[in-house]
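Here the structure is laid out as structure tokens; the discussion comes afterwards.
All chains are named by letter (A, B, ...) in the order of the sequence lines, taking the proteins before the strands, and each is independently numbered beginning at 1. Nothing here was measured: the structure is a model prediction, and the numbers come from that model.
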There are 2 protein chains.
Amino acid sequence: MADGRDGGGAGTAGSIGFRPLYQQIRDVLVQRIADGRLQPGEMLPSEMQLASELGVSQGTVRKALDAMTAERLLVRRQGRGTFVAEHDETRILFQFFKLVPDDGARSFPDSEVLSVTAAEADEAERERLALDDGATVVRIRRLRRLAGVPVIVEDIVVPEAMVEGLAAMEPPNNLYGLYAGRFGVTIGRAQERLKAVALTAADAALLGVPAGTPALEIDRLAIALDDRRAEWRLSRCLTEHVHYLSDLR
Amino acid sequence: MADGRDGGGAGTAGSIGFRPLYQQIRDVLVQRIADGRLQPGEMLPSEMQLASELGVSQGTVRKALDAMTAERLLVRRQGRGTFVAEHDETRILFQFFKLVPDDGARSFPDSEVLSVTAAEADEAERERLALDDGATVVRIRRLRRLAGVPVIVEDIVVPEAMVEGLAAMEPPNNLYGLYAGRFGVTIGRAQERLKAVALTAADAALLGVPAGTPALEIDRLAIALDDRRAEWRLSRCLTEHVHYLSDLR
DNA sequence: AAGTGGTCTAGACCACTTC
DNA sequence: AAGTGGTCTAGACCACTTC
């Protein structure tokens, strides 16, 4: 195995930093995705090839690949191969976008970008994104429509160091696809905090409802594969005809 | 294997209803939990014993047990054994109760039961719980406090046929524990739909805030292990100092 | 020391896709 | 026919808990 794990057999007795082989192999492969040696959509070597390359059995490789599939980092297709997961719209639609029409199929909202600015991070942004004093961020404000109806006002904050040049671009609808493809930052998970709030006059005007209308506030922190905090997003959503779907298992 | 699966080796080619052995074994064990032959907290036979009893290899048993552990139906403890998961407060706290104080540790809310009634299900209840015309339900209305502060008004509806005698009882705080222990109905998963709403005058009075205050409405359908719809719960939550936590992976 | 689950190996054969 | 992942077996040894 080329990437440096503690040598020897499976689990030397008494070793402090013991970590199962299959997890070490998972870490190696995650690192290859995180630093771009494995690109989204790329096919991995077969289980047998990986096993021989890494000096372990096929079963151990399989266990690592299964774990990464459960983490949604990989997609396995019987008879075809194992692929690095892509941040395509369908995947994001189901993994990260939980707003669903009360009746009807899920769909992806479009975005009208209202502003893109770069500035020094304020205290709340530094705290939430774990940034140093003086760090700069890119702020994107946009209005999102589902089936043509405005339902979401969204303020997005990204550390500028992570997305150099973003401030000068026209941000696409699918930002996570951009982060992965253009900046090598793959969002692996996110934490959302939900509250019910009364809309401010400004947000209400954008959404075409009276000020004070109840809205679902979604405070999302998106975490990259290397555990860096990659984006902070505050959305206010009208939920008269849509709901936030949460499956508890 | 005593519980009737399609015989023969692993995956007879061409058989229509093919289902992997380890999934068939999972199904057998889920059935034993669902009908009470395996009780919450009970220790399962060891992997080797199960393998010999069911006529498969230990690896296949392990795969079934691992799947059930991922489903949170079992708890495995190295060196001790494999146990049927319990609906204790800690487990429910993390699996089903997603409201968290903005600052501070998670805790379980207490409950003040406002009313318990039995009645014929109305149309909305029949629809949501998939009940026949004329079916009866038990309705529980309660006020829940976190750290002494009223934050949730909750309306709970349960098919009476599933919980005979509940209407005459004093419902405990932990209802899922009651369902499992007293009525043999184990909640395996739930689907929640969240909206932001304006509080009605009645709910607002209970919570001690002005009518129209924005609240987080949680519409939860709880599903039993045998896929029956076991409970419909509609909660209205004040989110000034708490939030709903949703981890997206 | 005995019993449990956890990891790892080696090998067989099946199911599915592509050529 | 060849290549991929999916399932299943049998056996070894490790890590942890209990007695």
What is the distance from [atom1] of [X] to [atom2] of [N], rounded to the nearest Å?
X: B/Glu47; N: D/dG11; atom1: CD; atom2: C1'; result: 14 Å
X: A/Leu50; N: D/dT4; atom1: CG; atom2: C1'; result: 13 Å
X: B/Gln58; N: D/dA12; atom1: CD; atom2: C1'; result: 11 Å
X: A/Asp66; N: D/dG6; atom1: CG; atom2: P; result: 7 Å
X: B/Leu21; N: C/dC13; atom1: CG; atom2: P; result: 17 Å
X: B/Met68; N: C/dG5; atom1: CE; atom2: C1'; result: 16 Å
X: A/Arg19; N: C/dC8; atom1: CZ; atom2: C1'; result: 16 Å
X: B/Met48; N: C/dT4; atom1: CE; atom2: C1'; result: 12 Å

Return yes if the base of C/dG5 and the side-chain atoms of B/Arg62 contain a donor-acceptor N/O pair under 3.5 Å, otherwise no.
no
Nearest-0.5 Å distance that lies between atom [atom1] in [X] and atom [atom2] in [Y]:
X: A/Glu192; Y: B/His243; atom1: CD; atom2: NE2; result: 11.5 Å
X: B/Glu89; Y: B/Phe94; atom1: CD; atom2: CZ; result: 12.0 Å
X: B/Arg189; Y: A/Asp247; atom1: CZ; atom2: CG; result: 8.0 Å

Dot-bracket for DNA chain C, 5' to 3', Watson-Crick and G-U pairs with both distances under 3.5 Å, [ ] for crossing pairs, | for partner on another strand, reads ||||||||||||||||||.
Report yes or no: is the cationic atom of B/Arg233 (NZ for Lys, CZ for Arg) closer than 6.0 Å to the six-membered ring centre of B/Phe96, at no more than 45° off its axis? no
B/Arg193 to A/Tyr244, cation-pi by 6.0 Å centre distance and 45° axis angle:
no
Verify the contact: side-chain N or O of [X] to OP1 or OP2 of [N], cut-off strictly under 4.0 Å; return yes or no.
X: B/Arg80; N: C/dG3; value: no
X: B/Tyr22; N: D/dT7; value: yes
X: B/Lys63; N: D/dT7; value: yes
X: A/Thr82; N: D/dT4; value: no
X: B/Thr60; N: D/dT9; value: yes

* Run the salt-bridge test on B/Arg76 and B/Asp66 with the 4.0 Å N-O cut-off and return the result as yes or no. => yes
DNA chain C nearest-nucleotide lookup for B/Ser46 and A/Val61: closer to the 5′ end is B/Ser46
Ranking A/Ser57 and B/Gly81 by the position along DNA chain C of their nearest nucleotide, the one closer to 5' is B/Gly81
To the side chain of [X], which of [options] is closest?
X: B/Pro20; options: D/dT4, C/dT9, D/dT7; value: D/dT7
X: B/Gln78; options: D/dA15, D/dT7, D/dT4; value: D/dA15
X: A/Gln49; options: C/dC8, D/dT9, D/dT4; value: D/dT4

The single option from A/Leu29, A/Leu38, A/Thr69 that satisfies side chain to side chain contact (heavy atoms under 4.5 Å, CB included) with A/Leu74 is A/Thr69
So B/Arg77, base contact, sugar-phosphate only, or nothing? Heavy-atom distance under 4.0 Å. sugar-phosphate
* Asked: Any chance CZ of B/Arg145 has more than 12 other-residue heavy atoms, nucleotides or ligands included, within less than 6.0 Å?
  -> yes
